[in-house]
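Reading through the structure tokens given below for one structure.
Letters A, B, ... are given to chains in the order of the sequence lines, protein chains preceding strands, and every chain is numbered from 1. Given the structure is predicted, the values throughout are model-derived calculations rather than measurements.
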Amino acid sequence: MEEERALNFIEQEIVEDIKNERYPKHIHTRFPPEPNGFLHIGHATAICFNFGIAKKFNGKTNLRFDDTNPTTEKTDYVDAIQEDIKWLGFEWDGEPLFASDYFDELYNYAIKLIKAGLAYVDDSTSEEIAEQKGVPTEPGKESPYRNRPIEENLDLFTRMKAGEFPDGSKVLRAKVDMTSPNMHMRDPLIYRIKKEHHHRTGDEWCIYPMYDFAHGQSDSIENITHSLCSLEFKHHRPLYNWFIEKLEIFPSRQIEFARRNLTYMITSKRKLLKLVEGNYVDGWDDPRMSTISGLRRKGYPAEAIRNFCEEVGMAKRDNVIEIELLESHVRDVLNREANRIMVVEDPIPLTIANYPEDQVEIMIAQNNPEDESAGVREIPFSKYLYIDREDFMVDPPKKYFRLAPGKTVRLKNGYIIEYLSHNEEDGEVKSIECKYFDNSKSGEDNSGIKAKGTLHWVSKEQAVKVQLNNYEHLFSDPTPLAHEEKEFIDLVNPNSLTINAEALSEPSISSAKPGDYYQIFRKAYYAVDTKSTGSPVILNKTVALKGAWKDKSKK
RNA sequence: UGACCCAUGGUGUAAUUGGCAACACUACGGUUUUUGGUAUCGUCAUUCUAGGUUCGAGUCCUAGUGGGUCAACCA
């Protein structure tokens, strides 16, 4: 059943590497988050990609926290990140790993470099170093400390580690090439002094390696074969390889891909933080957020996210993927798996004139027409019902299939009814009266009546109030970051959340638990909120059904 | 006036590596339907431009155009 998909450019490279026996053992990838924030949809694509490729080639994937900057990193994030990855359905090889576990090894690598005359302690200030590096269009200048004797460098670096110097007073730099057109090769900083408490190593260290001297080396230590990262690290690759060569360590291979962008979503940790801190949303897991926890709370199934990542492919060009593609995968999974339920959003009383006053009939409804095994449920039917305001019009346009004067419709899982009369006050419909055909009961209909429309309904006596959190895109513009004259924060959609506390559900909703998802018949998919305690049940709108009909008489 | 990367429909990716531009989403129009859902059928492209190589170019070569990335003691 599995369809063979064309290999993307990275997979083709891996096939080549396997053919050439570049890596005799298995393929090994890694996902390297920095524990300084929550994972978002952009990370999800990287996760699916790294784990997916390893799986495809019978390899393994490590989870490694890139925790080399104690200023911003926290254990809370470590836990949340693991939860998100597990929820997405992936399993890393062995225990979670940490770059901080390699601090001793990394330190020894630095000593090795110094001894080889390939690294030096620089006393320049950060401004001076920036000055030396210069601009990309012209060569940089060498630091006055560049040619310190090896012994002096060794002594100074040891004392840096011992805490003898204040923050920022000295750094360790790799001696590469100050004239390189690649800024990252102009004697990059590899160690800095930071007398700060680290979330795992505590106060053991006061010098910390920079990204370029931690990430690639960690890859090598873990025998990572393919280190897949986004395009902006392309310029780091020569340095990545330089360290492998000079340190004579395992030759991991870095390959870059284009990060994926989605319309109506942003994936910058800083900007996401601004939304949280400015109370534009209700926390990191607000259903409008692009965080994995937000999407989860909104009701996006992990499978839909995985399918989306698989289908969207991988390339090197800039891209903005339409959110509709993700949404179609969400609908696809939910259509298959969500039980249907009837909920009236804006109730109007409907009385069936010829139905016995005190009778309550139990109707049998299919939970999911796409899945026989989902079974059936019982729905009470009676003389007094509610239907949705949207489903009745006094003066309907041409192709209106719903209830109107002179019209006949099917009540889903109930009877066919025909309009008799209605009451209006100040132009607003207050109630409707119909008659039913007692030989038109769902499943045993021999009335011969054809009803074009089918409506959902609830029985007045047994209906249960529920709260509907109706979400729209967080931004009113598909690309909120693409406007020079406008801040993304000013493009927040004022209608991104509408709360409907007056909706009435059929009684079976009472058994709903947080995380359960439903298709509200004819409307949308909803997930029970994580904070829903039972009465009323709180439902978060996941995504609307496609719905084609539009009232063309309105403007 | 540096270096590197990228360019296929409205969107994202394909094209057996030089052989009829395909798949999915979106939009629009049919069919089916006790969800205006699902399913199903159909419609929507001078492959950025100009040259060149070739029987044949989205693919190779040259030039141009457009877009992106790089100058944190962040990752």
Side-chain angles (χ1 to χ4, degrees), chain A residues 3 5-8 12 32-34 36 66-69 71-73 99 122 124-126 129-131 133-140 167-173 180-184 186 189-194 207-208 210-212 214-215 229-238 256 258 260 262-263 269 308 311-329 331-332 335-336 340 342 366 369-370 399-402 409-414 416 440 442-443 445 451-456 478 519-525 544-550:
Chain A
E3 194 182 325
R5 214 193 139 78
L7 296 182
N8 63 50
Q12 289 177 21
E34 183 186 10
N36 70 345
D66 229 331
D67 55 350
T68 57
N69 183 3
T71 316
T72 55
E73 295 154 4
D122 197 331
S124 307
T125 64
S126 59
I129 290 174
E131 172 77 30
K133 287 193 182 180
V135 292
T137 49
E138 21 182 294
D167 284 15
S169 60
K170 285 180 170 39
V171 291
L172 186 69
R173 285 227 258 173
S180 172
N182 182 340
M183 297 298 288
H184 299 280
R186 323 249 261 224
L189 276 63
I190 57 178
Y191 263 95
R192 79 283 215 191
I193 303 170
K194 261 182 193 271
I207 55 171
Y208 292 93
M210 301 284 291
Y211 167 84
D212 285 307
H215 188 94
C229 60
S230 50
L231 239 33
E232 67 261 34
F233 291 99
K234 177 106 190 161
H235 301 287
H236 294 249
R237 193 163 83 205
E256 311 83 11
R260 286 176 284 200
L262 280 158
T263 55
K269 281 182 193 171
F308 165 76
E311 196 197 318
V312 93
M314 185 54 72
K316 286 201 265 194
R317 57 184 124 154
D318 298 338
N319 60 77
V320 185
I321 303 161
E322 291 172 337
I323 192 71
E324 287 81 358
L325 182 59
L326 211 203
E327 290 177 343
S328 84
H329 281 285
R331 287 195 195 96
D332 196 53
N335 175 52
R336 224 167 54 219
R340 320 281 123 130
M342 294 198 288
Q366 227 183 340
E370 304 292 318
K399 282 194 173 173
Y400 190 78
F401 303 153
R402 307 173 189 183
V409 295
R410 155 77 61 184
L411 291 178
K412 177 70 182 179
N413 301 126
I416 291 175
S440 69
S442 202
D445 181 3
K452 180 74 180 162
T454 302
L455 308 189
H456 59 277
Q519 182 202 95
I520 291 186
F521 202 71
R522 301 208 297 141
K523 295 290 181 178
Y525 294 100
L545 254 35
K546 275 183 67 179
W549 185 76
K550 286 171 222 101

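Taking atom C1' on both B/A14 and B/A24, the two are 11 Å apart, rounded to the nearest angstrom. As rounded to the nearest Å, B/C23 and B/G66 have P atoms that lie 35 Å from one another. Nucleotides B/A27 and B/G9 have their C1' atoms positioned 12 Å apart, rounded to a whole Å. Rounded to whole Å, the C1' atom of B/U8 lies 8 Å from the corresponding atom of B/A21. On the C1' atoms, B/G19 is 30 Å away from B/G10, given to the nearest whole Å. With both ends at atom P, the span from B/U13 to B/C48 equals 15 Å, rounded to whole Å. Nucleotides B/U69 and B/U53, compared at atom C1', are 33 Å apart to the nearest Å. Of the P atoms belonging to B/C20 and B/G58, the separation is 10 Å, rounded to the nearest Å.
Where A/Asp445 and A/Ser328 meet RNA chain B, the nucleotide closest to each residue was compared, and A/Ser328 sits on the side nearer the 5' end.
In this entry the distance linking CD of A/Glu327 with C1' of B/G12 reads 15 Å, nearest Å. In this structure, CZ of A/Arg410 is placed 18 Å from C1' of B/G37, rounded to the nearest angstrom.
Heavy atoms of A/Gln366 sit nowhere under 4.0 angstrom from any nucleic acid atom. Contact annotation for A/Tyr400: base contact, defined as any heavy-atom pair under 4.0 Å involving a base atom.
Remark: side-chain polar atoms of A/Thr72 are not paired, donor with acceptor, to backbone N or O of A/Asn36 under 3.5 angstrom. Looking at A/Ser230, its side chain never comes within 3.5 Å of a backbone N or O of A/Glu232 through a donor-acceptor pair. Of the possible donor and acceptor atoms, one in the side chain of A/Asn182 sits under 3.5 Å from a partner among the backbone N and O of A/His235. Side chain of A/Arg340 to main chain of A/Pro369: no donor-acceptor pair is present (N/O by atom type, distance under 3.5 Å, no hydrogens or angles).
A/His184 NE2 to A/Lys234 NZ: the interatomic distance, rounded to the nearest 0.5 Å, is 13.0 Å. The CZ atom of A/Arg522 sits 10.0 Å away from atom CG of A/Leu545, with the distance rounded to the nearest 0.5 Å.
Under the Watson-Crick or G-U wobble criterion, with both distances below 3.5 Å, B/C20 has no partner in any strand shown. When Watson-Crick and G-U wobble pairs are counted only if both distances are under 3.5 Å, B/A63 pairs with B/U49. When both distances must be under 3.5 Å, the Watson-Crick or G-U wobble mate of B/C25 is B/G10. Pairing of B/C4, defined by two Watson-Crick or G-U wobble distances under 3.5 Å, is identified with B/G68. Pairing partner, B/C44: none, since no Watson-Crick or wobble contact has both distances short of 3.5 Å.
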Exercise. How would nucleotides 70-75 of chain B be written as a contact map, 5' to 3', with B for base contact, S for sugar-phosphate-only contact and - for no contact, using protein heavy atoms under 4.0 Å?
Worked result: SB-BSB
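Side-chain N/O atoms of A/Arg522 include one lying less than 4.0 angstrom from OP1 or OP2 on B/G36. A sub-4.0 Å separation between OP1 or OP2 of B/U26 and a side-chain N or O of A/Lys546 is present.
Side chain A/Arg260 to base B/G12: no donor-acceptor pair is found below 3.5 Å.
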Just the atom pairs and distances: protein N or O near nucleotides 5-7 of chain B's N or O, under 3.5 Å.
from : atom 1 : to       : atom 2 : distance (Å)
B/C6 : OP1    : A/Lys316 : NZ     : 3.3

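Classified by its glycosidic torsion, B/U17 falls in the syn category, the angle being within 90° of 0.
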